Every structure is written in C-alpha cells, then in structure tokens.
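Below is one structure, written out as structure tokens, with a few remarks after it.
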Amino acid sequence: MALRVYNTLTGEKELFVPLVPGKVGMYVCGVTVYDYCHIGHARAGVVFDIIYRYLKYAGYDVTYVRNYTDIDDKIINRANQEGTDYRTIADRYIEAFDEDMARLGLAKPTLEPKATDHMSGIIHIIESLIAKGHAYVSEGDVYYAVESFPDYLKLSGRNLEEMQAGARVEIGDKKRHPMDFALWKGSKPGEPWWQSPWGNGRPGWHIECSAMSMEFLGKTFDIHGGGKDLVFPHHENEIAQSEGANGCQFVRYWLHNGFVNINSEKMSKSLGNFFTIREVLKKYDPETLRFFILSAHYRSPIDFSDQNLDEAQSGLERIYSCLAALDDILKEQSPSAEITVVESLSQVGQELHEKIEQFLPRFVDAMDDDFNAAQALGVLFETVRGANRFIAETKEMTPLSLSLIAHVRHLLVEAGGVLGLFATAPDVWLSGIRSAKAVQIDLSPEEIERLIVERAEARGARDFKRGDEIRDLLLAKGIVLLDSAQGTTWNVK
RNA sequence: GGCGCGUUAUCCAAGAGGCUAGGAGCCGGUCUGCAAAACCGUUAACGUCGGUUCGAAUCCGACACGCGCCUCCA
C-alpha cells in the first residue's frame, strides 16, 4: 500500500503524490513567540515530527520548514507590559520553544526561519498583490480584498455571506469589506517598524508564512500543516495571498492536527485552561507525553488528564521493560546464527518469528494510512507480548533464539525511531522513571534501605510477621517492595 | 444562526460492509513463606430509532447527546 493522507482541502484521504518524485516540501506553522508553549503546541510539534520522520523513513528527501513568527501584536503587547522591546520577548520565547521541543525529542526541521528575516519577501508579495488588484492601501495600512479572490474560504468550506452572518466581524473604516485582512500595518509611535513603500510599519499576521514558504519551497509545494484552529483564518488567508500573488496552486496537501482537550473542552489561551509544556514535564517524563500524543490519531481530539498520562506511562513502561529484558539476554550472549531453520524453533518461537516477519509491513500499513500512529503502537505491543512470551517459555537460549531476540529488538527500535521513541537505553529510562517518582515521597532512601535490611533479617529468621509489618509500613508511605532472587529493591507506587 | 466533527466494553483508543486491533483495569494462572512487581491467559463494545444489504460499529436517513470553527489560538 502507498501513503494516503487526509487533505483538509478536499475533505478526503488521498494518495500522496509529491510534486517532484522522491522529494517532499513541507511547511508547518510554528509559533508566535510571546509566551511559553502549552501542550497544544507539544501535540502539533510531535505530530508533524512523526510525519517528517515517517516521510524520511519512506525514502523521501524532505525539506521541512517550520517558522517562528517573531513580530506580532501579541509580542508587542507583551514587550510593553514588561517595559522592554519586542526583540527581547521574541528571542526569549524562541529559546524556550527550542528547549521544550528538544525535550520532547523533536527532530530539527531543515529550516527554521524567522518572519523578521524575510521583510523583503513579505513586501514583495504585498506589492504584487496590489499590482494585481488583490490588495489596497488605506491610511498607511495595506489590506487584502477578499472579494477579489473567488476561491476565498475554499479550505474551510464556507462563504462570505455566512461568515458575516456570524456577525462577530469588526467593521473598520479602513477596510472596504469587513472580512478584508491586514497585510501591512502602519506603525504607531513607539512600535517596531520596517520601511516599506507604504510607510513605516510591520507585516500583518499570515503574510510571513506566504513569504517564507515561497522562499524555501517555491510557489507550489506538497504539504502544509498546523493545528485545526489555523484553518480559518490563517491558512485561508495564506492561500489568498500566495495564490493571488503567484497565480498558481499554493499547497497540494493540507494537514491539520486535532486539539488537546481538558475535560473534553478545547484547551486554549482564552479559556485559560491550558498547561505549559514545562509544567507538564515537571510531573511527567517527556517521552510519556509524546507516547500519550501518539496514542490517538493526530486528527482526533485528545483528552489531557492525569489518568490518561498515567496510562500512557504504564504502556510505555511495558515496552521499555521488554526492551530491557531483551537487552539483559543479549548482554550475556551475542547472536551468531541467521534465522534460517525456523522449524527448529519452539512453537512460541515460531509464532514470534511470524510476528516479526509481519512487523514492518503492518507498521508501514498503519503509518501509510494517514500516519496512524495509534494503530502502529498496537503492532508494537503485539510484538512485545510475543517477545515476553518467548522469553518466559524459553529455557535455554540457542544461537537461533538469540538472533530472534536481537531481531525483535532491532525492529522495535527501528519503529521507535520513526515515532521518536526508545532513544534512551531501556535500563536508563526505567531507572529515570523510578527516581522521578521517588522525589515525591518524604522518606529518605537511607531510611528505606535500613528497613529493607531489617526486613531481610526478620525474614531470614522466618519472622514473617515482623517482615510483613515493615512491608505494610512502607506501603502506607507509598513505597512498594520488589522482591527478587537478586534481593529486594523498592519503587514508588 | 451557518458550517463541520464525534459517540466503540470499566476507562483510554484503532478499525470502517463478512477477517483476534492495542493499552490501562478487573479476574484467573506462573512466581512467592504470603504478597507485591513482572510475565502469561482471559473477559467485554460499537448512542437511539428506522432504512439499504444475504450480511451493518462500518453505508443512508432521522433523533439525542457531546465538541469544534465562524474572534487571538497548535
């Protein structure tokens, strides 16, 4: 099967055929840098990260552009509040964005341009829109005349009359039509400005993306992505600008990720019900957050809650535990044999062999179907179960079973690479999770160790009553004892 | 008001006319002095009412409920 993607423009899943065979141009709207990122940004980041990774995995030469919008009213407002300049604000939150995305394990895009580095491109597009009658100058501002572009609203599937019926459109004297939007805004005193043929000012929101995408990907390119909330007005306006100026199709495939909800309601700045990535990462491991995001299809809404994050962590621990178990076996003996004589494997071994034979085709099928990561994870889990079962039932490791295990590990890590998972050594990740939980309790590790020793002594003397007392005491404080042949370790519940 | 989306077992979540999704949990088993942890096994579902079909979670229609966009948003 070949890659199929859901295109917002047509409302259908379509076969993905790039403009130039073997190459993909992809532009994703980054952020306006005026505050810390919330988990909605995390979702968009992760979703397009795995799309980027999968396209590369599928063999495409991908040029991935993700912008920073570093000039905007919100940035200026923030600067005014803090009594500083817009550049300070923008630079601070660009840095914060980079940190957050790095922690979430996002691969760096090919290019990460800033709006303010593309003023000449912006001005050039506006000039050409004016020349073609799509835009007009009004008191130092420049507006896009939406009525001059018959395809306006083709992405969101509305029409101008309906939009006005919504009646939440401000009618400014400067605009000819209430839906017209600003391409260039004349600067007020004290505001940052750039020179333009229409006087000093700054670009409106939307035009920077038309300019940067054209600069790096050309007038027509393959994929444009962003959150669903950008469909209108941002992407609609980008289409009007780019197609109005260039007279040709702007984007072939429009991809939009769904929202992050809190209690089934959209998380948003205006509702105030948002969590920043930093807040969430104080409590949860970044890979857990990524895994949670991947557990639902990228277009579906996803409900953010402690319970759902905890479940995601349990699931991820299951896979990491399996990887750790595979590592333990491979640490002692290296595989030497090729898997040729499948018949000599046990029944469970043959089943596992069959599973790993189907692994990549099934994984690819899932991802080919509009990047269905949730389904792809199902394939991983089934393989994990098969591997655990094989380990449990194999008394003695033969060269053949060792290579089977090595193969499983390789496949899980290969798929993990596409999903941005399992980059950490399993034992390191698992102990990281353990110690992160340990921070939350009020008993010192020394104290716990002392009690464990006391319990071991009691048990050695077959004083199980005392031993169980200690166990219950620790349990009451949220500490779970893990007995094994190698001794007793502990974990936080 | 206009446009659009969703409703799958206890919870989360894929699937989209006949084919075991998966995870968390529950329960049972292995292990254990007993437990826990881990592992294995198992369970159960398609909002309501109609229609199409040999066959419907899946297609069509109506209804109910929830949500989104139409204002800055990922």
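Since we're looking at a predicted model, the values are computed, not measured. Lettering of chains follows the sequences in order, A, B, ..., and the numbering in each one begins at 1.
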Taking any heavy-atom pair under 4.0 Å as a contact, classify [X]: base, sugar-phosphate, or nothing.
X	answer
Arg43(A)	nothing
Gly227(A)	sugar-phosphate
Gly11(A)	nothing
Val260(A)	base
Gln307(A)	sugar-phosphate
Ser300(A)	sugar-phosphate
Lys266(A)	base
Ala296(A)	sugar-phosphate

Nearest non-hydrogen partners of Phe275(A) and Glu279(A), listed with the distance: CA-OE1, 3.3 Å

Measure across Val251(A) and Leu9(A) and return the closest heavy-atom pair with its distance rounded to 0.1 Å. O-CD2, 4.4 Å

[atom1] atom, [N] versus [M]: distance in rounded Å?
N	M	atom1	value
rG66(B)	rC54(B)	P	38 Å
rA45(B)	rG2(B)	C1'	35 Å
rA35(B)	rG29(B)	C1'	16 Å
rA56(B)	rG18(B)	C1'	10 Å
rU52(B)	rC65(B)	C1'	26 Å
rC26(B)	rU43(B)	C1'	9 Å
rA62(B)	rG4(B)	P	12 Å
rG55(B)	rA16(B)	C1'	15 Å

Watson-Crick or G-U wobble partner for [N], using a 3.5 Å limit on both distances?
N	result
rA64(B)	rU7(B)
rC69(B)	rG2(B)
rG28(B)	rC40(B)
rC46(B)	none
rC59(B)	rG51(B)

Is atom CD of Glu95(A) surrounded by more than 12 heavy atoms (other residues, nucleotides or ligands) closer than 6.0 Å? no

If you count every heavy atom of other residues, nucleotides or ligands that lies below 6.0 Å from Asp472(A) atom CG, does the total exceed 12? yes

Spatial distance of atom CG (Asn372(A)) from atom CG (Asp365(A)) [nearest 0.5 Å]: 10.5 Å

In Å and rounded to the nearest 0.5 Å, what is the CG to SG distance from Leu230(A) to Cys29(A)?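 Between Leu230(A) CG and Cys29(A) SG, I get 5.5 Å after rounding to 0.5 Å.
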
I need the [atom1]-[atom2] distance between [X] and [N], as an integer number of Å.
X	N	atom1	atom2	answer
Leu352(A)	rC39(B)	CG	P	16 Å
His206(A)	rU71(B)	NE2	C1'	11 Å
Lys74(A)	rU71(B)	NZ	C1'	11 Å
Asp365(A)	rA21(B)	CG	C1'	13 Å
Leu271(A)	rC67(B)	CG	C1'	12 Å
Leu155(A)	rC3(B)	CG	C1'	13 Å
Arg299(A)	rA13(B)	CZ	C1'	15 Å
Asn308(A)	rA14(B)	CG	C1'	15 Å

Please state whether the rings of Tyr54(A) and Phe363(A) are parallel, tilted or perpendicular, taking 30° and 60° as the class boundaries.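 Rings of Tyr54(A) and Phe363(A): perpendicular, as their planes differ by over 60°.
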
Minimum-distance nucleotide (side-chain atoms of [X] versus [options]):
X	options	value
Pro233(A)	rA74(B), rG68(B), rC72(B)	rC72(B)
His38(A)	rC69(B), rC67(B), rA74(B)	rA74(B)
Asp229(A)	rA16(B), rA13(B), rA74(B)	rA74(B)
Phe232(A)	rC67(B), rA13(B), rC69(B)	rC69(B)
Phe259(A)	rA14(B), rC40(B), rG68(B)	rG68(B)

Determine whether the side chains of Gln350(A) and Glu354(A) contain a donor N or O and an acceptor N or O closer than 3.5 Å. no

Is it the case that Asp98(A) and Tyr93(A) place a side-chain donor and acceptor less than 3.5 Å from each other?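 No - no donor-acceptor pair under 3.5 Å links their side chains.
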
Trp490(A): partners by ring pair (Phe, Tyr, Trp, His ring centres under 6.0 Å), with sequence neighbours left out: none

Ignoring backbone atoms, test whether Asn372(A) places a side-chain nitrogen or oxygen under 4.0 Å from the OP1 or OP2 oxygen of rG15(B).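 Yes, Asn372(A) has a side-chain N/O under 4.0 Å of OP1/OP2 on rG15(B).
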
Testing Tyr64(A), Phe250(A), Trp254(A) for ring pair (Phe, Tyr, Trp, His ring centres under 6.0 Å) with Phe221(A), which one passes?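 Going through Tyr64(A), Phe250(A), Trp254(A) one by one, the ring pair (Phe, Tyr, Trp, His ring centres under 6.0 Å) with Phe221(A) is satisfied by Phe250(A) alone.
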
So which of Phe181(A), Tyr144(A), Tyr143(A) actually passes ring pair (Phe, Tyr, Trp, His ring centres under 6.0 Å) with His206(A)? Phe181(A)

N/O-N/O pairs, protein side and nucleotides 43-45 of chain B side, under 3.5 Å:
none

By the salt bridge (charged side-chain N to carboxylate O under 4.0 Å, His left out) test, which pairs, at least two apart or in different chains, include something from residues 476-492 of chain A? Arg455(A)-Asp483(A), Arg459(A)-Asp483(A)

Relative to the 5' end of RNA chain B, which residue comes earlier, Gly157(A) or Ile302(A), by the nucleotide with the nearest heavy atom?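 Comparing both residues, the 5'-ward one is Gly157(A).
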
Could you check Ala376(A) against Ser295(A) and say which one's nearest nucleotide on RNA chain B is further toward the 5' end?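 Its nearest nucleotide being more 5', the pick is Ser295(A).
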
Write out a two-atom table: protein N or O, nucleotide N or O from nucleotides 4-9 of chain B, distance below 3.5 Å.
none

For residues 322-331 of chain A, pull every pair meeting side chain to side chain donor-acceptor pair (under 3.5 Å), keeping only residues two or more places apart or in separate chains. Asp327(A)-Arg409(A), Asp328(A)-Lys331(A)

At under 4.0 Å between heavy atoms, which parts of nucleotides 23-38 of chain B does protein reach? Answer with one letter per nucleotide, 5' to 3': B base, S sugar-phosphate only, - none. BS--------BBBBS-

Do Lys13(A) and Tyr6(A) meet the cation-pi criteria used here (NZ or CZ under 6.0 Å from the six-membered ring centre, within 45° of the axis)?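 Lys13(A) over Tyr6(A) ring: no.
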
Going by the glycosidic torsion and a 90 degree boundary from 0, is the base of rA57(B) oriented syn or anti?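 Because its glycosidic torsion lies within 90° of 0, rA57(B) adopts the syn conformation.
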
Does any part of the side chain of Val65(A), heavy atoms only, come nearer than 4.5 Å to the side chain of Ser213(A), both counted from C-beta? no

